[in-house]
A.B. asks: 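Got a structure for you, questions after.
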Amino acid sequence: MAGGGAVVSKSKQEYPGRLTPFVLMACLVAATGGMIFGYDIGISGGVTSMDPFLSRFFPSVYRKQQADSSSNSNQYCKFDSQVLTMFTSSLYLAALVASVCAASVTRVAGRKWSMFVGGVTFLAGCALNGAAQDVAMLILGRVLLGVGVGFANQSVHVYLSEMAPARMRGMLNNGFQLMITLGILAANLINYGTDKIAGGWGWRLSLALAAVPAGIITVGSFFLPDTPNSLLERGKADDAREMLRRVRGTDDVEEEYGDLSAASEASRAVKSPWRDILRRQYRPQLAMAVFIPLLQQLTGINVIMFYAPVLFKTLGFGGSASLMSAVITGVVNLAATLVSVFTVDRVGRRALFLQGGAQMFASLVAVGALVGAKLGWSGVAEIPAGYAAAVVAVMCVYVAGFAWSWGPLGWLVPSEVMPLEVRPAGQSITVAVNMLMTFAVAQAFLPMLCRLKFVLFFFFAAWVLVMTLFVALFVPETKGVPIEDMANVWKAHWYWRRFVTDVDDAQNGDIEMGNKNSSVKNY
Ligand code: BGC
């Protein structure tokens with residue numbers, strides 16, 4: 001099919017236009033989708049470490065924790081409860097299902113309505129959680145929040161990459177991650193504050209305040225312009241051209257418009273992207289869509305993000321000190337993400353992945369050794385304050401390593417390697433795998449800590465080693481490579497080339513994977 005070939009084999013170029021304030025505002029509003037995700041990540045660990053919350057909803061965990069609070073008992077197991085864990089992780093299971101459904105809403109109704117649906121559902125979840133009277137209300141609330149997160153994660157990524165001028169796509173993508181970290185930090189700070197509210201209802205405020213970013217995205221999405229791509233996809237060609245002029249701030253958009261409409265035709269010609277992405281020629285991209293989010297979660301990052309206060313309590317910190325330590329890791333997370341925003345297009349993806357991996361490996365081994373040396377197998381010990389502070393410091397080194405590597409790149413790389421015709425399906429796979437693994441790690445962590453003890457940190461260290469080798473061997477450098485030229489990256493790769501070199505001759509000549517005449521650069 002000619003349209004597909006014309007688009008995909010387009011040579012490297014930049015379209016006229018600039019980042020207009022209009023687009024910047026639209027992207028800022030959309031990126032609050034990252035903030036609602038981040039807020040959820042950060043909030044649950046804090047409230048589950050608050051006594052009034054625990055005694056009301058999880059009395060058996062509370063009693064066990066009280067009984068175990070002396071240093072004569074096993075610290076590793078004091079929070080191990082499947083219902084408590086379910087409170088945290090139910091959200092991600094709901095988000096998984098929602099992200100798959102969101103793909104259709106995003107395509108048929110437009111990106112902004114997907115964000116709107118996400119925002120409204122999320123608000124309902126906040127209300128249920130803030131007013132919760134029993135565990136069922138809490139979990140139902142989390143499920144609604146999850147649906148909101150699923151819709152937002154699916155549609156916002158698509159929205160941002162369609163609105164952004166091509167050369168700023170990477171930066172704006174990392175901006176989404178920055179919003180996630182801002183949401184996590186806000187949650188940590190709010191937990192620290194609400195914990196001090198006399199009367200023990202602070203947790204309600206923590207849970208209900210998620211309505212603030214949710215309100216922004218709900219109201220904002222109402223006013224957000226639709227992307228030119230989405231308008232075209234829904235047959236509104238004139239509106240699409242007009243919108244493109246507005247978002248690029250120039251009338252000189254014919255070239256980009258031509259490519260967009262060809263691209264839209266090409267993607268319409270692909271009847272079943274879900275089946276297409278399974279074809280041999282898309283094996284490298286499919287591998288990235290599955291393995292990168294899977295491995296991102298096996299760094300163990302959410303052990304810190306969800307359970308930092310609980311973990312710090314396990315290490316013998318007092319309630320307030322635990323929440324403060326979570327604030328510290330939150331600040332480090334945000335600051336280190338900024339490093340990535342400004343370096344990713346200069347030093348490249350691989351350098352950040354490899355450096356971050358080495359740093360996470362070393363710090364996880366160090367945390368495991370420090371915890372093991374004090375708590376040992378029995379989990380019975382008094383940990384001196386200075387020692388616990390050293391553990392927090394090493395954890396910060398670990399968080400920084402994640403925040404400038406696997407954090408943002410875990411979202412950026414799978415999305416930028418996807419060719420247009422399978423991009424929506426690819427993005428859904430990435431979100432779904434991420435949510436599934438987030439659920440699995442959240443669900444497994446407390447029982448694993450109870451059984452594996454300090455060895456759990458070595459377990460994650462081993463995975464970090466595996467993923468660093470994976471990057472070294474299988475992830476090509478994509479810095480500065482226009483999406484249209486991405487096919488050459490695979491053709492030049494020692495392993496992936498076997499899947500793509502014969503593609504130009506493949507019988508399904510409707511989608512050409514690259515420019516036959518372009519020289520294969522070494523990526
Ligand atoms: C991950 C989240 C994680 C967050 C931490 C994101 O990229 O997908 O699971 O909690 O980074 O900043």
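We count ligands from 1, going down the list as the structure has it; atoms in each ligand are counted the same way. All values below were derived from every heavy atom in this structure, side-chain atoms included, with hydrogens, water molecules and symmetry-related copies excluded. Sequential numbering from 1 along the given sequence is applied to the chain's residues.
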A.B. asks: Centre-to-centre under 6.0 Å for Phe361 and Phe460, is that the case here?
C.D. replies: no

A.B. asks: Heavy-atom pairs closer than 4.0 Å: do any link ligand 1 to the side chain of Asn434, the backbone, both, or neither?
C.D. replies: side chain

A.B. asks: For ligand 1, is there an N or O atom under 3.5 Å from any N or O atom of Asn302?
C.D. replies: yes

A.B. asks: What are the atoms of ligand 1, with element, lying closer than 4.0 Å to any heavy atom of Ile184?
C.D. replies: 5 (C), 12 (O)

A.B. asks: Where is the nearest protein heavy atom to atom 12 (O) of ligand 1: which residue, which atom, and how far?
C.D. replies: Asn333 ND2, 3.0 Å

A.B. asks: Can you see whether Thr181 engages Asn333 through a side-chain donor-acceptor pair at a distance of less than 3.5 angstrom?
C.D. replies: no

A.B. asks: Indicate yes or no: does an N/O atom of Thr181 lie under 3.5 Å from an N/O atom of ligand 1?
C.D. replies: no

A.B. asks: Report the distance from atom OG1 of Thr85 to atom CD of Gln443, rounding to the nearest 0.5 Å.
C.D. replies: 5.5 Å

A.B. asks: Please tabulate, for side-chain N and O atoms in residues 387-409, each donor-acceptor pair with protein atoms closer than 3.5 Å (sequence neighbours left out).
C.D. replies:
unit_1	atom_1	unit_2	atom_2	d
Tyr387	OH	Leu370	O	2.8
Tyr398	OH	Thr299	O	2.6
Tyr398	OH	Ile301	N	3.0
Trp404	NE1	Gln355	OE1	2.8
Ser405	OG	Gly401	O	2.6

A.B. asks: Would one find an N or O of Gly407, backbone or side chain, under 3.5 Å from an N or O of ligand 1?
C.D. replies: yes

A.B. asks: Going from OG on Ser44 to CZ on Arg142, what distance comes out if it is rounded to the nearest 0.5 angstrom?
C.D. replies: 4.5 Å

A.B. asks: Is it the case that ligand 1 has an N or O less than 3.5 angstrom from some N or O of Trp406?
C.D. replies: no

A.B. asks: So, Thr438 versus Asn434: side-chain donor-acceptor pair below 3.5 Å or not?
C.D. replies: yes

A.B. asks: Nearest to atom 8 (O) of ligand 1, what protein heavy atom do you find, and at what distance?
C.D. replies: Gln296 OE1, 3.0 Å

A.B. asks: What protein heavy atom is closest to atom 11 (O) of ligand 1, reported as residue, atom name and distance in Å?
C.D. replies: Gln177 NE2, 3.1 Å

A.B. asks: Heavy-atom contacts with Phe402 under 4.0 Å: which atoms of ligand 1 show up? List them by number with element.
C.D. replies: 5 (C), 11 (O)

A.B. asks: What orientation do Phe459 and Trp463 show, parallel under 30°, tilted 30 to 60°, or perpendicular over 60°?
C.D. replies: perpendicular

A.B. asks: Which atoms of ligand 1 have any heavy atom of Trp411 under 4.0 Å away?
C.D. replies: 6 (C), 7 (O), 8 (O)

A.B. asks: For Gln154 and Ser428, run side chain to side chain donor-acceptor pair (under 3.5 Å): C-alpha distance rounded to whole Å, both residues' side-chain angles, the deciding distance at 0.1 Å, then the answer.
C.D. replies: CA-CA 7 Å; Gln154 154 71 29; Ser428 282; 3.1 Å; yes

